[in-house]
Amino acid sequence: QIQLVESGGGVVQAGGSLRLSCVASGHTFSTHAMAWFRQVPGKERELVAAISWGGESTREADSVKGRFTISRDNAKNTVYLQMNSLKPEDTAVYYCAADSSGVLIKFLDESSMDYWGQGTQVTVSS
């Protein structure tokens with residue numbers, strides 16, 4: 001099985017940056033697609049960004065495109081989410097997740113994911 005642990009969340013002012021990390025242990029990291037989701041209380045969990053097992057393909061939500069970048073370092077079993085130009089509406093709990101079925105990034109959604117981290121809080125103040 002895979003265990004995922006996120007870190008890097010915190011409180012920043014609008015316009016600032018944060019880098020989230022997700023360290024995976026267990027199964028071979030490079031064989032899984034990975035994604036970042038976020039959730040605000042009372043709202044559905046939404047996909048922020050996803051990355052293929054080899055890092056060749058990425059996908060970002062329209063709301064974060066041009067500001068957030070997902071990447072992975074398989075040698076370190078780590079997935080990153082670099083968040084720049086943060087806005088108050090980016091405030092949420094951010095979760096990393098892993099797929100074990102080989103789903104294409106194009107079709108990846110919440111139901112595709114088999115493993116989830118505990119989440120890390122990101123708060124952006126105005």
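All heavy atoms count here, side chains included; hydrogens, waters and symmetry mates do not. Owing to the predicted nature of the structure, the values given are computational and were not obtained by experimental measurement.
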**Q** With no hydrogens and no angle check, just 3.5 Å: does a side-chain donor-acceptor pair link Ser100 and Asp114?
**A** yes
**Q** Look up atom OG in Ser85 and atom CZ in Arg67, then write down how far apart they are to the nearest 0.5 Å.
**A** 7.0 Å
**Q** With a cut-off of 6.0 Å (strictly less than), are more than 12 heavy atoms of other residues, nucleotides or ligands near CD of Glu56?
**A** yes
**Q** For Thr120 and Gly9, indicate whether the former's side chain and the latter's backbone hold a donor-acceptor pair under 3.5 Å.
**A** yes
**Q** Does Ile105 belong to the same Ile/Leu/Val/Met/Phe/Trp/Tyr cluster as Tyr115, with side-chain heavy atoms less than 4.5 Å apart forming each link?
**A** no
**Q** When you measure from the side chain of Arg19 to the backbone N and O of Gln82, does any donor-acceptor pair fall under 3.5 Å?
**A** no
**Q** Quick check against the 3.5 Å criterion: does Ser63 have a side-chain atom that pairs as donor or acceptor with the backbone of Ala61?
**A** no
**Q** Given 3.5 Å as the limit, does a donor-acceptor pair link the side chain of Arg72 with the main chain of Ser52, or not?
**A** yes
**Q** Kindly compute the distance separating CD (Gln121) from CZ (Arg38), expressed to the nearest 0.5 Å.
**A** 12.0 Å
**Q** Establish, from distance only, whether the side-chain atoms of Glu60 and Thr58 form a donor-acceptor pair under 3.5 Å.
**A** yes
**Q** For side chain to side chain contact (heavy atoms under 4.5 Å, CB included), just list the numbers for Thr78 and Tyr80, CA-CA rounded to whole Å, side-chain angles, deciding distance to a tenth of an Å, and then say yes or no.
**A** CA-CA 7 Å; Thr78 302; Tyr80 304 97; 3.4 Å; yes
**Q** Hey, what do you get for CD (Gln3) to SG (Cys22), rounding to the nearest 0.5 Å?
**A** 11.0 Å
**Q** Looking only at side-chain N and O atoms, does Ser17 offer a donor or acceptor that is under 3.5 Å from a partner on Asn84?
**A** yes
**Q** How far apart are the C-alpha atoms of Val122 and Thr91, what are their side-chain angles, what is the distance that settles it, and do they pass the side chain to side chain contact (heavy atoms under 4.5 Å, CB included) test?
**A** CA-CA 5 Å; Val122 172; Thr91 295; 5.9 Å; no
**Q** Between atom CG of Leu81 and atom CE of Met34, what is the distance when rounded to the nearest 0.5 Å?
**A** 11.5 Å
**Q** Less than 4.5 Å apart, side chain to side chain, heavy atoms only: is that true for Lys87 and Val124?
**A** no
**Q** Check whether any side-chain heavy atom of Met113 lies under 4.5 Å from a side-chain heavy atom of Leu108, and answer yes or no.
**A** yes
**Q** Could you give me the CA-CA distance, side-chain angles and deciding distance for Val23 and Leu4, then say whether side chain to side chain contact (heavy atoms under 4.5 Å, CB included) is met?
**A** CA-CA 6 Å; Val23 179; Leu4 306 173; over 6 Å; no
**Q** Any link between Tyr95 and Val79 through a network of hydrophobic side chains (Ile, Leu, Val, Met, Phe, Trp, Tyr) touching at under 4.5 Å?
**A** no
**Q** May I ask you to check whether Trp36 and Phe68 place their ring centers less than 6.0 Å from one another?
**A** no
**Q** Check the angle between the aromatic planes of Phe37 and Trp116 and answer parallel, tilted or perpendicular using the 30° and 60° thresholds.
**A** tilted
**Q** Treat each ILVMFWY residue as a node, draw an edge where side-chain heavy atoms are under 4.5 Å apart, and state whether Val12 and Val93 are in one component.
**A** no
**Q** Rounded to the nearest 0.5 Å, what separates atom OG in Ser112 from atom CG in Asp99?
**A** 6.0 Å
**Q** On a heavy-atom basis, which atom in Ser126 and which in Ala14 lie closest, and how many Å separate them?
**A** CA-CB, 4.4 Å
**Q** Under the 3.5 angstrom rule, does the side chain of Arg45 hit a backbone N or O of Val40 as a donor-acceptor pair?
**A** no
**Q** Hey, are Glu44 and Gln39 close enough side-chain-wise for a donor-acceptor pair under 3.5 Å?
**A** no
**Q** Could you walk me through whether Glu110 and Leu47 satisfy the side chain to side chain contact (heavy atoms under 4.5 Å, CB included) test, starting with their C-alpha distance in whole Å, then the side-chain angles of each, then the deciding distance to 0.1 Å, before giving a yes or no?
**A** CA-CA 7 Å; Glu110 182 178 3; Leu47 176 66; over 6 Å; no
**Q** Looking at OG of Ser25 and CD of Gln1, how far apart are the two atoms once the value is rounded to the nearest 0.5 Å?
**A** 11.0 Å
**Q** Does one hydrophobic cluster hold both Val103 and Ile51, with members joined at side-chain heavy-atom distances below 4.5 Å?
**A** no
